[in-house]
Amino acid sequence: MARGRLRIYLGAAPGVGKTYAMLQEGRRLRSLGAEVVIALVEPHGRRPTAALAEGLETVDRRTLVHRGVPLTEMDLDAVLARHPQIALVDELAHTNVPGSRHTKRWQDVEELLVAGIDVVTTLNVQHLESLNDVVRQITGVTQQETLPDEVARRADQIELVDLLPETLRRRLVHGDIYPADRVEAALTHYFRLGNLTALRELALLWLADRVEEGLQRYRAEHGITAPWETRERILVGLTGGPEGETLIRRAARITARTPGSELLALHVVPGDGLTHGDPTALSAQRVLVESLGGSYHQTTGEDVPQALLRFAEAENVTQIVLGASRRGRLSLLLRAGVGQRTIHDSGPIDVHIVTHEAAAGAPAPALPRPTHGTGPVRRRSALAAAALLLPALTLLLTAARASLGGALLMYLLAVILTALLGGRAPALLAAVAASLLADYYFTLPTHSVDVERAVDIVALIVFLAAAWLVGTAAEAAARHTRQAVRATSEARALSRMAVAMMHGQDLPALLEQVRENFALDAVSLLERDAEPGPEPRWYIVASTGDRPPERPWEADVEAPVDDRLTLAARGRGLDGDDLRLLTACAAQLGIAHAQGTLTRHAAETDTLAAAERTRAALLLAAGHDLRAPLGAAEAALGKLSDLVGERAPDGPGGGPDGSGGGPDGSGGPDGEAAHLLRAARASVRRAGALVTDLDDLSRLHAGALDLYLRPVDLDEALTAALDDLGPGGHGIVLRLPPQLPDVIADAALLTRVLTTLAADALRHSPPDAPPTLTAEVLPDRLVVRIATGAPGAPANGGTVTDRAGDSLPLRLSRDLTEAMGGALDTTTGHGFAVTLTLPTSAGRPAPAPDHQGRGT
């Protein structure tokens with residue numbers, strides 16, 4: 001099924017008429033025979049809007065209850081079931097009521113589009129995510145409902161619903177937007193004339209950018225390279241030299257004189273490396289360009305003018321600003337400068353040549369240095385220079401009637417210059433040509449290739465050998481220089497990326513740096529879904545450029561980072577050195593992605609830690625505040641017991657909860673009152689114990705509970721725990737070995753844990769089946785089990801329960817045990833069982849386990 005089309009009516013502020021325009025479009029489409037349905041329209045009490053919605057088929061809304069309030073939302077399932085040709089959906093950036101299928105309404109619209117339903121919707125510019133901060137600065141209001149810009153960019157049509165700010169304020173005064181009680185506040189705050197003018201400008205500029213994107217796509221699809229002067233774009237070429245800031249400010253002045261124009265700066269990197277300009281100067285110039293509202297770019301090219309013009313055509317540049325050449329006159333005579341060649345090939349693009357101080361103090365002519373290697377261009381230049389230099393030198397030597405030795409020395413100088421310029425092959429050809437010229441003009445017999453003397457033959461051979469050696473040395477030096485330049489360029493590129501990572505630049509900015517360095521069209525960092533499937537699914541972590549690849553097989557160049565991450569690029573092919581550098585950049589991007597993930601996790605952890613600290617502080621404060629009323633309540637209940645003549649026992653009573661026995665005088669009012677008072681006192685004591693447990697648990701998690709770990713006799717701890725339980729009720733069956741090793745624990749805390757576990761077991765066991773406490777000695781640890789259930793049922797035959805379901809005393813016991821280096825597990829199945837594992841003291845032999853009962 002074909003995907004539906006999305007049309008957005010964009011407005012600068014509420015009340016400009018977006019919903020009205022949407023309904024008018026719906027009526028027009030219906031009159032043309034289209035099947036139009038109102039999926040959701042918010043008239044906001046505006047009668048003209050509500051009247052326009054009448055007569056159009058409307059899908060009933062879905063009612064959801066949130067915090068006891070019934071709210072309505074678009075019934076997505078009903079719209080999908082109805083499956084109209086066109087659905088009208090108001091307020092694209094709306095946040096749905098909790099309980100809806102999607103959080104945002106634009107996600108509902110996305111599902112309708114996937115189902116093949118065309119959608120017409122509305123949107124205010126202040127709800128765009130990229131403009132949220134700007135809108136807050138203008139209006140002082142933070143928009144809570146935002147929409148990712150990418151959702152709006154994917155729309156097939158965006159139509160601006162525009163209204164003059166003065167007209168909008170008149171509509172507000174007449175009550176056409178808000179009720180009368182809200183008009184005065186709106187006029188003096190959000191709907192101020194300056195606010196509305198700024199919001200209108202934002203909407204116009206944002207839409208103009210979308211129109212520009214569409215124009216660029218059209219030009220690319222139809223292969224149009226000639227610039228269209230729909231908007232002035234001024235491009236300034238930067239070399240990294242001292243004239244850069246002068247050129248940038250001159251271009252900025254040209255931009256300022258043309259409203260709506262755009263400033264771009266470009267640094268062309270030679271094809272053998274990445275950048276040969278001063279990196280410090282380029283960095284400062286980039287900051288200057290961005291501070292003046294422009295954008296900085298880099299591209300790679302063998303020929304600087306061609307690379308400059310290729311970028312200008314791609315960006316629809318209308319004017320280029322270049323600096324006057326810093327080369328000397330003789331150098332310019334040998335080859336035209338960048339400015340002259342750019343002017344020659346610029347076509348309809350205007351080129352401005354700006355003078356500067358560096359041009360006035362140009363250095364003296366110097367021979368080209370072999371810093372860029374001996375490529376085809378340099379070899380051709382060397383052959384051309386030899387073709388001019390050797391005949392000219394021959395004329396001078398013949399006019400001076402030089403000897404063979406002097407001629408060979410001069411020819412050798414020319415061959416050396418050729419070797420320095422073009423390498424070994426041009427030098428060898430120049431040497432052969434020079435030897436033939438020397439033989440013909442300066443070796444007897446002259447004007448003949450014959451040689452009479454053997455010494456002249458030796459001189460010519462030595463001359464050829466010297467030329468070969470010099471050319472070989474020059475070729476090796478050029479190769480080493482090229483490698484050094486390449487290594488330096490790679491190091492600079494990687495160091496720039498590392499510095500950008502240290503400064504906290506996000507992944508899209510780093511990818512843009514990679515794209516510009518390698519002159520690529522688009523770059524994506526892709527991550528493979530960890531879930532296995534018939535076909536691997538890839539997600540774009542970050543991307544830059546036009547139509548970035550969404551899968552590795554859609555890319556022209558791929559550099560894997562690890563098993564799940566890969567860097568995919570679309571554009572020109574890269575050689576082996578570029579691929580190696582791209583792989584290194586991909587590794588750095590992987591590190592940046594991992595650092596970003598860790599930073600997000602750390603932020604989430606800090607948030608959770610702060611929430612945990614707040615919760616612990618609140619629990620401590622609540623426990624402290626509850627102690628006084630609980631003590632007062634217990635004292636009051638004690639006095640009431642005196643008044644009714646039936647004092648409740650001081651101890652916790654026969655039961656584990658301290659409730660005591662039944663009433664002594666059942667049936668009489670005093671006996672019943674005494675019974676109720678005992679139950680109330682027991683509940684208050686239990687509440688006090690829970691508060692104490694809560695306090696201790698908070699202190700334990702905060703690290704404020706002191707532990708004194710030492711060897712503890714388990715028999716003594718059990719005796720103290722049974723004493724704490726008090727008399728009454730049914731007992732606990734103890735099955736312990738004859739000898740128990742000491743355990744490493746805090747004696748007071750261990751007694752408290754055993755008391756809590758025994759009391760909990762007593763509460764869970766019936767009177768005819770008392771709980772059983774057994775101990776088993778294992779290497780380096782002691783296992784204590786307290787189990788309830790039928791006699792003979794295994795204590796550990798169940799399954800481990802969820803810790804989230806633990807009671808507060810059991811949770812405290814577990815945490816105390818783990819703080820002492822032990823473990824506590826709760827199991828269910830054959831009754832209720834708790835297993836307590838503690839480390840034994842070192843150096844004491846562990847006796848064989850003996851399961852004979854020692855007492856009850």
Side-chain angles (χ1 to χ4, degrees), residues 4-30 34-64 70-80 82-97 100-113 115 117-129 143-148 151-152 154-163 168 171 176-179 199 203 207:
R5 295 174 60 83
L6 177 62
R7 181 172 183 174
I8 298 176
Y9 283 95
L10 179 68
V16 296
K18 302 180 302 299
T19 305
Y20 195 88
M22 179 184 69
L23 291 172
Q24 281 186 322
E25 177 65 12
R27 283 182 170 273
R28 186 188 70 83
L29 293 172
R30 191 189 63 170
E35 187 182 13
V36 181
V37 166
I38 295 179
L40 187 140
V41 165
E42 298 286 359
H44 296 292
R46 299 162 191 165
R47 285 176 294 179
T49 303
L52 199 60
E54 295 177 357
L56 291 174
E57 181 184 349
T58 303
V59 177
D60 293 336
R61 298 189 181 190
R62 178 187 178 194
T63 301
L64 298 169
L71 301 171
T72 61
E73 287 289 359
M74 180 177 69
D75 194 337
L76 179 59
D77 292 327
V79 179
L80 291 172
R82 175 65 179 80
H83 204 281
Q85 184 180 354
I86 300 171
L88 307 181
V89 182
D90 207 1
E91 297 183 359
L92 184 61
H94 170 76
T95 301
N96 291 330
V97 175
S100 303
R101 183 185 307 176
H102 300 298
T103 305
K104 295 287 188 177
R105 186 167 292 167
W106 66 264
Q107 296 170 319
D108 296 336
V109 169
E110 178 67 21
E111 192 166 343
L112 295 178
L113 296 173
I117 301 173
D118 294 345
V119 176
V120 183
T121 185
T122 62
L123 177 67
N124 278 333
V125 70
Q126 62 263 31
H127 294 299
L128 291 167
E129 181 66 40
Q143 298 294 332
Q144 301 300 327
E145 294 183 333
T146 57
L147 174 83
V151 176
R154 290 200 301 264
D156 300 279
Q157 297 180 32
I158 302 178
E159 183 172 338
L160 181 66
V161 181
D162 191 24
L163 202 63
L168 185 58
R171 289 196 62 198
D176 296 335
I177 301 177
Y178 291 151
L199 291 174
L207 188 60

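We're numbering straight along the sequence, starting at 1.
- Looking at every heavy atom in both residues, P84 comes nearest to V79 through CD-O, 3.6 Å.
- Ion pairing between E35 and R82 holds under the 4.0 Å rule for side-chain N and carboxylate O.
- Distance CD/E91 to CD/E42: 5.0 Å, rounded to 0.5 Å.
- Applying the side-chain hydrogen bond (donor to acceptor under 3.5 Å, both in side chains) criterion to E159, with sequence neighbours excluded, gives R7.
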Considering only distance and modelled atom types, tabulate donor-acceptor pairs under 3.5 Å from the side chains of residues 15-23, sequence neighbours left out.
from	atom 1	to	atom 2	distance (Å)
K18	NZ	N124	OD1	2.8
T19	OG1	D90	OD1	3.2
T19	OG1	D90	OD2	2.9

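- Two residues are said to be in side-chain contact when any heavy atoms from C-beta on lie closer than 4.5 Å; K104 and V151 fail this criterion.
- The heavy-atom pair separating Q126 from A12 by the smallest distance is OE1-O, 3.2 Å.
- Remark: E111 pairs with R101 by the salt bridge (charged side-chain N to carboxylate O under 4.0 Å, His left out) rule, at least two apart or across chains.
- With sequence neighbours excluded, no residue satisfies salt bridge (charged side-chain N to carboxylate O under 4.0 Å, His left out) with R46.
- Checked by atom type and distance alone, the side chain of R30 pairs as donor or acceptor with a backbone atom of G55 at under 3.5 Å.
- Between the CG atom of L92 and the OG1 atom of T122 there is a distance of 7.5 Å, given to the nearest 0.5 Å.
- Rounding to the nearest 0.5 angstrom, the gap separating the CG atom in D60 from the CD1 atom in I38 is 12.0 Å.
- Between R154 and E110 the shortest side-chain heavy-atom distance falls below 4.5 Å.
- In terms of heavy-atom proximity, R62 sits nearest to S100 at NH1-CA, 4.3 Å.
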Point to revise | Candidate pair H94 and E73, rule side chain to side chain donor-acceptor pair (under 3.5 Å), full reasoning | key: CA-CA 10 Å; H94 170 76; E73 287 289 359; 2.9 Å; yes
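- No side-chain heavy atom of Q107 sits under 4.5 Å from any side-chain heavy atom of N96.
- Distance check: L128 CG to L10 CG gives 6.5 Å after rounding to the nearest 0.5 Å.
- Residues satisfying the salt bridge (charged side-chain N to carboxylate O under 4.0 Å, His left out) criterion with R27, sequence neighbours excluded, are absent altogether.
- Minimum heavy-atom separation, T63 to P70: CG2-CB, 4.1 Å.
- Of the residues L123, L147, V120, the one that meets the side-chain contact (heavy atoms from CB on, under 4.5 Å) test with I8 is L123.
- When side chains are defined from C-beta on, R105 counts as touching L40, because their heavy atoms get closer than 4.5 Å.
- The backbone N or O of A115 lies less than 3.5 Å from a partner atom in the side chain of H83, making a donor-acceptor pair.
- Atoms CG and CG, from D75 and L80 in turn, are 9.0 Å apart once rounded to the nearest 0.5 Å.
- Under the side-chain hydrogen bond (donor to acceptor under 3.5 Å, both in side chains) criterion, E129 pairs with T146, sequence neighbours left out.
- Minimum heavy-atom separation, L160 to A203: CD1-CB, 4.0 Å.
- Rounding to the nearest 0.5 angstrom, the gap separating the CG atom in L29 from the CD atom in Q85 is 8.5 Å.
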Check your understanding: After noting the C-alpha distance and the side-chain angles of D108 and M74, does the key distance pass the side chain to side chain contact (heavy atoms under 4.5 Å, CB included) rule?
Key -> CA-CA 9 Å; D108 296 336; M74 180 177 69; 3.5 Å; yes
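- Between E57 and V36, every side-chain heavy-atom pair lies at or beyond the 4.5 Å cut-off.
- Between L56 and L88, some side-chain heavy-atom pair lies under the 4.5 Å cut-off.
- Of all the heavy atoms in A39 and V89, the pair that sits closest is CB-CG2, 3.8 Å.
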